[in-house]
Q: 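Can you keep this structure in mind? I'll have questions shortly.
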Amino acid sequence: GADKGSLIRQFLGESFIMFLIALLLAAVLTWLLLPLFNNLTQKRLQLFDEPKLIVWIAGLTIFTGLLAGLYPAFYLSSFKPVSVLKGKIVNSFSATAIRKGLVVFQFTVSICLVFGALVTWRQLDFLKNQDLGFSKSQQIILPMQNKQVQINYTALKNELLKNPSIKTVTSGSSYPGIENINDMLFYAEGKTVNNFVDISMSTIENDYFETLGLKILYGRAFSAAFTADTASIILNETALKELGYNAATAIGKKIYYDFQGAHHTMEIVGIVKNFNFESLHNPIKPFGFAAINFFANKYNYTIANIQTKDYAGLLAGVERSWNKINPTTPFMYSFLDQDFQKNYEKEQRTSGMVIYFTVIAILIACLGLFGLAVFSAEQRTKEIGIRKVLGASVTSVVALLSKDFLKLVVIAIMVASPIAWYVMHKWLQDFAYRIDISWWIFLAAAMAAILIALLTVSFQAIRAATANPVKSLRTE
């Protein structure tokens with residue numbers, strides 16, 4: 001005796017109750033997992049720290065509950081009782097298509113995330129192992145925090161070199177891995193200021209190249225043996241190319257710059273092999289090194305090349321040397337490889353989040369597929385029983401049930417592959433140095449999806465295949 005209106009209210013009410021329960025569970029899980037999320041994203045979010053958030057969550061719950069309840073409320077309530085009792089709704093094309101479509105969508109999202117996780121991991125591994133053109137390991141950085149500390153540089157250097165674990169010590173206005181804001185517009189012999197090349201500049205002390213492992217291709221580095229290097233410059237290969245010089249014949253050539261109405265000349269005394277001063281997001285830029293503090297202060301950072309495995313002992317010794325020379329300035333330090341790696345913190349956080357969301361998406365997809373497997377096995381109970389009576393083996397029945405689900409996964413793979421490739425291709429464009437998206441990444445993501453699908457449906461398929469056919473044929 002139920003009318004259509006009461007059925008609609010029933011379905012919508014059930015939907016809202018389920019979403020209310022889901023909201024409560026989500027709030028508890030959010031509260032439990034928020035510290036992990038904050039640690040992963042380097043944020044300090046608090047649950048419900050914004051009053052508007054509660055309104056948005058309540059509105060989203062109502063909207064989603066309404067949206068999810070509309071289909072059963074209006075679609076199922078419109079069927080005639082005779083059709084329902086004959087099972088025509090269950091087997092209708094629209095009902096089946098929606099169920100299978102949702103499973104394809106869930107697996108499409110999962111495959112995209114698996115693909116993204118693999119590409120992100122490969123790119124970060126590539127960045128970590130890329131040859132940067134200098135030695136970033138075993139390098140300790142000491143910021144020279146004020147003018148008095150900078151004046152004491154020579155005394156600090158001599159004190160540090162007494163430590164047997166320290167090989168060389170130098171200083172510079174900057175070092176690889178941090179932003180270098182100093183540059184100058186230079187132009188070559190026979191050209192004018194209109195033909196300038198913007199060259200990033202770093203002012204350095206002696207032993208800078210030896211300490212950082214930078215390779216001099218032609219000419220020489222700055223050293224105490226050459227005291228008249230105030231007008232000398234060392235350029236990288238990219239700077240020479242843009243200036244129009246040949247590296248093999250560039251030593252002794254002049255370059256010029258104009259500053260405050262005056263014309264200045266510098267002589268090229270060395271050519272350094274190209275290296276990545278910035279992160280691998282950026283291509284190698286024209287770069288130059290000078291010995292005078294005109295371009296920047298060469299005592300901004302002290303850099304020490306170390307050789308030890310006892311880092312605690314080394315740092316204790318360095319701190320004692322620091323406090324001896326600079327007793328009123330707090331001791332601060334960092335390691336060059338860690339500083340350089342900070343350029344990829346965003347990508348590392350993204351990689352971690354992708355992994356977590358991949359796991360969640362796979363779990364949701366598995367739930368959907370498992371539900372469809374249970375439903376399909378129940379609908380084909382008699383068919384399975386008849387096949388077994390006629391001699392079908394357990395293996396053939398399991399293969400029969402699994403084949404239908406694998407088709408859905410294959411469709412999801414075909415849909416997800418171009419989408420995932422496009423998104424990750426665009427993401428890789430942010431890097432001047434990047435991997436190629438190999439074919440095996442597609443294969444790995446596809447095989448992972450197929451394996452997950454087989455594991456999900458295998459239990460239900462085996463259970464249906466091993467059921468007693470007599471009971472299967474008596475289901476009604």
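Basis for what follows: all heavy atoms, side chains included, without hydrogens, waters or symmetry-related copies.
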Q: Please report the C-alpha distance between Asp207 and Lys157 in whole Å, then the side-chain angles of each, then the deciding distance to 0.1 Å, and finally whether the salt bridge (Lys or Arg N to Asp or Glu O under 4.0 Å) criterion is met.
A: CA-CA 11 Å; Asp207 301 323; Lys157 177 178 181 178; 3.3 Å; yes
Q: Side-chain contact, heavy-atom cut-off 4.5 Å: Glu347 with Trp427?
A: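 The answer is yes; the side chains approach within 4.5 Å.
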Q: Return the orientation label for the Phe259 and Phe294 ring planes: parallel under 30°, perpendicular over 60°, tilted otherwise.
A: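 Phe259 vs Phe294 ring planes: perpendicular.
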Q: State, to 0.1 Å, how close Tyr245 and Glu189 come at their nearest heavy-atom pair, and which atoms those are.
A: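 Taking every non-hydrogen atom into account, OH-N, 2.9 Å.
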Q: If we ignore angles and hydrogens, is there a donor and acceptor under 3.5 Å between the side chains of Gln138 and Tyr311?
A: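 Yes, because at least one side-chain N or O of Gln138 sits under 3.5 Å from a partner of the opposite role on Tyr311.
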Q: Counting C-beta onward and ignoring hydrogens, is there a side-chain heavy-atom pair between Ile284 and Asn236 closer than 4.5 Å?
A: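 Ile284 vs Asn236: side chains touch.
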Q: Step by step, work out the side chain to side chain donor-acceptor pair (under 3.5 Å) result for Thr211 and Thr168.
A: CA-CA 6 Å; Thr211 301; Thr168 57; 2.9 Å; yes
Q: For Phe126, look at atom CZ and say whether over 12 heavy atoms of other residues, nucleotides or ligands are found less than 6.0 Å away.
A: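 Yes, the 6.0 Å shell around CZ holds more than 12 heavy atoms from other groups.
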Q: Would you call Ile141 and Phe335 a side-chain contact if the rule is heavy atoms closer than 4.5 Å?
A: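 They are not in contact (no side-chain heavy atoms under 4.5 Å apart), so the answer is no.
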Q: Measuring from Thr350:OG1 to Ile355:CD1, what's the distance to the nearest 0.5 Å?
A: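 With rounding to 0.5 Å, OG1 (Thr350) is 11.0 Å from CD1 (Ile355).
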Q: Tell me the closest heavy-atom pair linking Arg122 and Ser438, and the distance in Å.
A: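 Taking every non-hydrogen atom into account, NH2-OG, 4.3 Å.
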Q: Is there a side-chain contact (heavy atoms from CB on, under 4.5 Å) between Ile437 and Met424 once you walk through the steps?
A: CA-CA 9 Å; Ile437 301 179; Met424 297 315 298; 4.3 Å; yes
Q: As an exercise, state the distance from CG of Leu124 to CD1 of Ile435, rounded to the nearest 0.5 Å.
A: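 Spacing of CG (Leu124) from CD1 (Ile435) equals 9.5 Å.
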Q: Would you give the length of the straight line joining atom CZ of Phe340 to atom NZ of Lys128, rounded to the nearest 0.5 angstrom?
A: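 Result: 14.5 Å between the selected atoms.
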Q: Which atom names give the shortest non-hydrogen contact between Cys112 and Ile419, and what distance separates them?
A: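 Here Cys112 and Ile419 meet closest at SG-CG2, 4.2 Å.
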Q: Measuring from atom CG of Asn152 to atom CD of Gln150, what distance do you get when rounded to the nearest 0.5 angstrom?
A: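 Going from the CG atom of Asn152 to the CD atom of Gln150 covers 10.0 Å.
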Q: Check for me whether the distance between the ring centres of His281 and Tyr344 falls short of 6.0 Å.
A: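 Yes, the ring of His281 comes within the 6.0 Å limit of the ring of Tyr344, centre to centre.
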Q: Do Ser171 and Thr302 get their side chains close enough for a donor-acceptor pair, meaning under 3.5 Å?
A: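 The criterion, which ignores hydrogens and geometry beyond distance, is not satisfied for Thr302 and Ser171.
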Q: Does any non-hydrogen side-chain atom of Phe277 lie less than 4.5 Å from one of Ser174?
A: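 Yes; the side chains approach each other to less than 4.5 Å.
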Q: Ignoring hydrogens and geometry, is there a side-chain-to-backbone donor-acceptor pair from Thr108 to Val415 under 3.5 Å?
A: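 No; zero donor-acceptor contacts below 3.5 Å.
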Q: So, the side chain of Asn282 versus the backbone of Ala432: is there a donor-acceptor pair under 3.5 Å, distance only?
A: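 No.
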Q: How close do Ile271 and Ile234 get, counting heavy atoms only, and between which atoms?
A: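 Scanning both residues completely, I find the closest heavy atoms to be N-CG2, 4.3 Å.
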Q: With a 4.0 Å cut-off, would you call Glu159 and Lys324 a salt bridge?
A: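 Counted as a salt bridge, because a side-chain N and a carboxylate O are separated by less than 4.0 Å.
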Q: Does a side-chain N-to-carboxylate-O contact under 4.0 Å join Glu267 and Lys253?
A: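 No, no charged N to carboxylate O under 4.0 Å.
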Q: Could you give me the CA-CA distance, side-chain angles and deciding distance for Tyr333 and Glu319, then say whether side chain to side chain donor-acceptor pair (under 3.5 Å) is met?
A: CA-CA 9 Å; Tyr333 74 93; Glu319 185 173 8; over 6 Å; no
Q: Are any non-hydrogen side-chain atoms of Lys100 and Lys407 less than 4.5 angstrom apart?
A: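 Not in contact.
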Q: Is the Phe105 to Phe107 ring centre distance short of 6.0 Å?
A: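 No, the ring centres sit 6.0 Å or more apart.
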Q: Do the non-hydrogen side-chain atoms of Glu210 and Asn305 ever get within less than 4.5 Å of each other?
A: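 The answer is no; the side chains never approach within 4.5 Å.
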Q: In sequence, state the C-alpha distance, the side-chain angles, and the governing distance for Tyr356 and Leu36, and then conclude on side-chain contact (heavy atoms from CB on, under 4.5 Å).
A: CA-CA 11 Å; Tyr356 282 112; Leu36 176 63; 3.8 Å; yes
Q: Does some side-chain heavy atom of Trp56 sit less than 4.5 Å from a side-chain heavy atom of Leu60?
A: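 Counting from C-beta outward, Leu60 and Trp56 never come under 4.5 Å.
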Q: Do Val197 and Leu185 have side chains that approach each other closer than 4.5 Å (heavy atoms only, starting at C-beta)?
A: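 A side-chain contact under 4.5 Å is absent here.
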Q: So, the side chain of Lys298 versus the backbone of Ala291: is there a donor-acceptor pair under 3.5 Å, distance only?
A: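 Checked: pair present.
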Q: Among side-chain atoms of Asp339 and Ser334, is any donor-acceptor pair under 3.5 angstrom?
A: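 A donor-acceptor contact under 3.5 Å links the two side chains.
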Q: Going through the distances and angles, do Val119 and Phe115 end up as a side-chain contact (heavy atoms from CB on, under 4.5 Å)?
A: CA-CA 6 Å; Val119 172; Phe115 186 91; 3.7 Å; yes
Q: Got a salt bridge between Asp131 and Lys136, using NZ or NE/NH1/NH2 to carboxylate O under 4.0 Å?
A: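 Looking at Asp131 and Lys136, the cut-off is not met.
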Q: Check each of Leu161, Leu160, Ile166 against Asn163 using the side-chain contact (heavy atoms from CB on, under 4.5 Å) test, and report the only one that passes.
A: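 Filter result, single survivor: Ile166.
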Q: For Phe186 versus Leu243, what's the shortest heavy-atom pair and its separation?
A: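 So the two residues come closest at O-CD2, 4.1 Å.
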Q: Taking Asn276 for its side chain and Ser279 for its backbone only, find out whether a donor-acceptor pair lies under 3.5 Å.
A: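 No, because the side chain of Asn276 does not come within donor-acceptor range (under 3.5 Å) of the backbone of Ser279.
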Q: Does the separation of the ring centres of Phe289 and Phe222 fall below 6.0 angstrom?
A: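 No.
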Q: Return the orientation label for the Phe134 and Phe275 ring planes: parallel under 30°, perpendicular over 60°, tilted otherwise.
A: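 Geometry flag for Phe275 against Phe134: perpendicular rings.
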Q: For the side chain of Asn39 and the backbone of Pro35, is there at least one donor-acceptor N/O pair under 3.5 Å apart?
A: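 No.
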Q: Hey, what's the ring geometry for Trp421 with His425, parallel, tilted or perpendicular (30° and 60° as the breaks)?
A: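 Correct class here is parallel.
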Q: Has Ser200 got a side-chain atom pairing as donor or acceptor with Asp183's backbone, closer than 3.5 angstrom?
A: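 No: the side chain of Ser200 does not pair with the backbone of Asp183.
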Q: Could you walk me through whether Ile140 and Leu336 satisfy the side-chain contact (heavy atoms from CB on, under 4.5 Å) test, starting with their C-alpha distance in whole Å, then the side-chain angles of each, then the deciding distance to 0.1 Å, before giving a yes or no?
A: CA-CA 6 Å; Ile140 187 170; Leu336 192 151; over 6 Å; no
Q: State the CG-CG distance between Leu235 and Leu217, to the nearest 0.5 angstrom.
A: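 It comes to 12.0 Å.
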Q: Any idea which heavy atoms bring Cys366 and Ile452 closest together, and the distance?
A: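 Smallest interatomic distance, heavy atoms only, reads SG-CG2, 3.2 Å.
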Q: Here's a test for you: under side-chain contact (heavy atoms from CB on, under 4.5 Å), which of Val169, Leu314, Val318 qualifies with Ile306?
A: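 It is Leu314; the other options fail the test.
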Q: Please check if the distance between the ring centroids of Tyr256 and His263 is under 6.0 Å.
A: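 Judged by ring-centre distance (under 6.0 Å), Tyr256 and His263 do meet the cut-off.
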Q: Would you confirm whether the ring centroid of Tyr187 sits within less than 6.0 angstrom of the ring centroid of Tyr257?
A: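 Between Tyr257 and Tyr187, the centre distance exceeds or equals 6.0 Å.
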Q: Side chains of Gln139 and Tyr175: donor-acceptor distance under 3.5 Å anywhere?
A: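 Looking only at side-chain atoms, Tyr175 and Gln139 do not form any donor-acceptor pair under 3.5 Å.
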Q: For Asn274 and Thr238, does a side-chain donor sit closer than 3.5 Å to a side-chain acceptor?
A: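 A donor-acceptor contact under 3.5 Å links the two side chains.
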Q: So, taking the atom named CG in Leu142 and the one named CG in Asn300, what distance separates them when rounded to the nearest 0.5 Å?
A: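 Going from CG on Leu142 over to CG on Asn300, the span is 13.0 Å.
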